[in-house]
Amino acid sequence: MPVVGVIGGGQLARMMIPAAVGLGIEIRVLAEAPDASARLAATAVGDYRDEATVLAFARECDVITFDHEHVPQTVLRTLVAAGAAVHPGPDALLYAQDKLMMRERLSQLGVPQPDWARVESADDIATFLADHGGRAVVKTPRGGYDGKGVRVIDDAAQVADWLADGPLLAEELVAFERELAQLIARRPSGDAQLWPLVETVQRGGVCAEVIAPAPQTTDAQQRAAAEIATSIAHGLGVTGVLAVELFAATDGRILVNELAMRPHNSGHVTIDGSVTSQFEQHLRAVLDWPLGDTSMLAPWGVMINVFGSLPDETIAAALGHQPTAKVHAYGKGPRAGRKAGHVTVIGTELDDVVYRARAAASHFDA
């Protein structure tokens, strides 16, 4: 029985557990705290930034993978030097950890993305603003997610505090019709499989809903998204699941927004909506096992995130009201704005699927 070690004890690690059980894989988790979301498989608790802690954990595993991309490069390279199989590896993860390096590498690959620049001073930002209609998106190169580390500005003074810490990424403020996501899984041997392109709906910088497949999408847009994700997966040497977040711009461009080298929120709909979920596929990929069919089980699937908390009695009420809905709770303590779980519904008519998913999720509204 192969042993897969997951660094990070969040909900992504938690959702790998049922997939691992189904495949006969032993899964072990290095969690940050005893009450982590993935505590069901937390065989160790410790600091993922500590080399000795991570090395000790890895010695008991055949393959190491991740719940997040925050493990330092020094730790990742120490693992590889010690002979551990690490997927995705440090050379790929580098581009999910540093947005400036990501933009530079994607430019080399010829992948379509917003106009961007490395900015190191107020003058650099002022020049970028002048060249892009007076407004821009500025991001911290490291650490941002779910809207954190991102500001829309019209004056360099609005990121003066960030400039004090080093270079920033300035990007064109893209006028977009909607946001999309293309998931792909790639094995170390190079085989890759794509899921259908999905639409993501953001609220407050955080993903709120996902519709699969993305409605009213042209063949050209689907081909563009597939080519972009395939080019990135092979060009960066990604192993495991890669999520490519995209803008469908009003001028017709499909542009790369962000990358995630792990299972991703936009792929949660695959748990109930696809022949092979992103979590099962990720495990297959990091073990270099044959990849599964990514076809959808119904014409439409809708996933809605739930924030704050999922009390047992409320889950029961939601299931009673919408018996076709699937509720996934992350086992987290209640906290305003925190992703606590999600609801998924699949079916044949999009309007009906959206209605039923929202009706089930409405039981959890704060």
Side-chain angles (χ1 to χ4, degrees), residues 69-70 92-182 197-208 221 224-225 227-229 231-233 235-236 238 242-261 264-266:
E69 296 113 335
H70 306 313
L93 276 169
L94 183 64
Y95 301 107
Q97 293 176 330
D98 190 306
K99 293 182 177 66
L100 275 169
M101 297 193 72
M102 176 196 76
R103 289 298 184 207
E104 290 168 359
R105 183 69 180 116
L106 295 188
S107 293
Q108 293 169 0
L109 292 174
V111 171
Q113 49 185 342
D115 289 339
W116 66 276
R118 177 189 181 99
V119 292
E120 301 186 33
S121 67
D123 287 345
D124 288 345
I125 295 176
T127 299
F128 191 87
L129 287 168
D131 291 342
H132 293 85
R135 299 186 78 206
V137 177
V138 176
K139 301 178 180 180
T140 55
R142 291 177 171 266
Y145 66 97
D146 282 349
K148 300 177 178 69
V150 179
R151 292 177 186 169
V152 177
I153 69 164
D154 54 23
D155 190 293
Q158 293 166 323
V159 288
D161 54 333
W162 286 355
L163 276 172
D165 295 324
L168 301 173
L169 171 63
E171 295 181 352
E172 163 196 2
L173 182 59
V174 176
F176 60 88
E177 295 176 341
R178 57 182 175 161
E179 294 185 71
L180 307 169
Q182 178 65 70
L197 182 67
V198 302
E199 178 176 350
T200 64
V201 179
Q202 317 292 318
R203 297 193 183 102
V206 180
C207 181
Q221 288 175 319
E227 289 170 4
I228 288 168
S231 176
I232 293 172
L236 302 186
V238 178
L242 166 70
V244 183
E245 297 180 60
L246 302 160
F247 291 128
T250 55
D251 60 8
R253 293 177 297 167
I254 300 293
L255 306 172
V256 175
N257 180 21
E258 304 273 3
L259 302 179
M261 293 182 193
H264 188 253
N265 200 172
S266 64

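Nothing fancy with the numbering, it's 1 onward along the sequence.
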Output the distance between atom [atom1] ([X]) and atom [atom2] ([Y]), rounded to the nearest 0.5 Å.
{"X": "L259", "Y": "L93", "atom1": "CG", "atom2": "CG", "result": "11.0 Å"}
{"X": "K99", "Y": "L168", "atom1": "NZ", "atom2": "CG", "result": "11.5 Å"}
{"X": "F176", "Y": "R253", "atom1": "CZ", "atom2": "CZ", "result": "12.5 Å"}
{"X": "F247", "Y": "N257", "atom1": "CZ", "atom2": "CG", "result": "3.5 Å"}
{"X": "Q202", "Y": "R178", "atom1": "CD", "atom2": "CZ", "result": "13.0 Å"}
{"X": "L106", "Y": "L255", "atom1": "CG", "atom2": "CG", "result": "11.5 Å"}

Just by distance, do the side chain of [X] and the backbone of [Y] share a donor-acceptor pair under 3.5 Å?
{"X": "Q182", "Y": "L246", "result": "no"}
{"X": "T250", "Y": "A175", "result": "yes"}
{"X": "D98", "Y": "L94", "result": "no"}
{"X": "Q113", "Y": "R103", "result": "yes"}
{"X": "R105", "Y": "Y95", "result": "no"}

Give me the atom names and distance for the closest heavy-atom approach of [X] to [Y].
{"X": "L100", "Y": "P167", "result": "CD1-CB, 4.1 Å"}
{"X": "L163", "Y": "A122", "result": "CD1-N, 3.8 Å"}
{"X": "T200", "Y": "S266", "result": "CG2-CB, 3.9 Å"}
{"X": "A156", "Y": "L129", "result": "N-CD1, 4.2 Å"}
{"X": "A260", "Y": "E69", "result": "CA-OE2, 3.1 Å"}
{"X": "V256", "Y": "P114", "result": "O-CD, 3.2 Å"}

Ionic contact status for K139 with E258, cut-off 4.0 Å: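 K139 and E258: salt-bridged.
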Could you check whether D154 pairs with R135 (Lys NZ or Arg NE/NH1/NH2 to Asp/Glu carboxylate O, under 4.0 Å)? no
Quickly, which of E172, H132, E104, M102 forms a side chain to side chain contact (heavy atoms under 4.5 Å, CB included) with W116? Name it, please.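 That would be E104.
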Quick one, M261 and L236 - any side-chain contact, counting heavy atoms below 4.5 Å?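 Yes, close enough: below the 4.5 Å cut-off.
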Any I153 side-chain heavy atom under 4.5 Å of I125 side chain: yes
With sequence neighbours left out, write down each residue that passes side chain to side chain contact (heavy atoms under 4.5 Å, CB included) with E227, or none if nothing qualifies.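 Side chain to side chain contact (heavy atoms under 4.5 Å, CB included) list for E227, sorted by chain: R223.
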Under the rule for side-chain hydrogen bond (donor to acceptor under 3.5 Å, both in side chains), what residues qualify as partners of E245, not counting sequence neighbours? H264
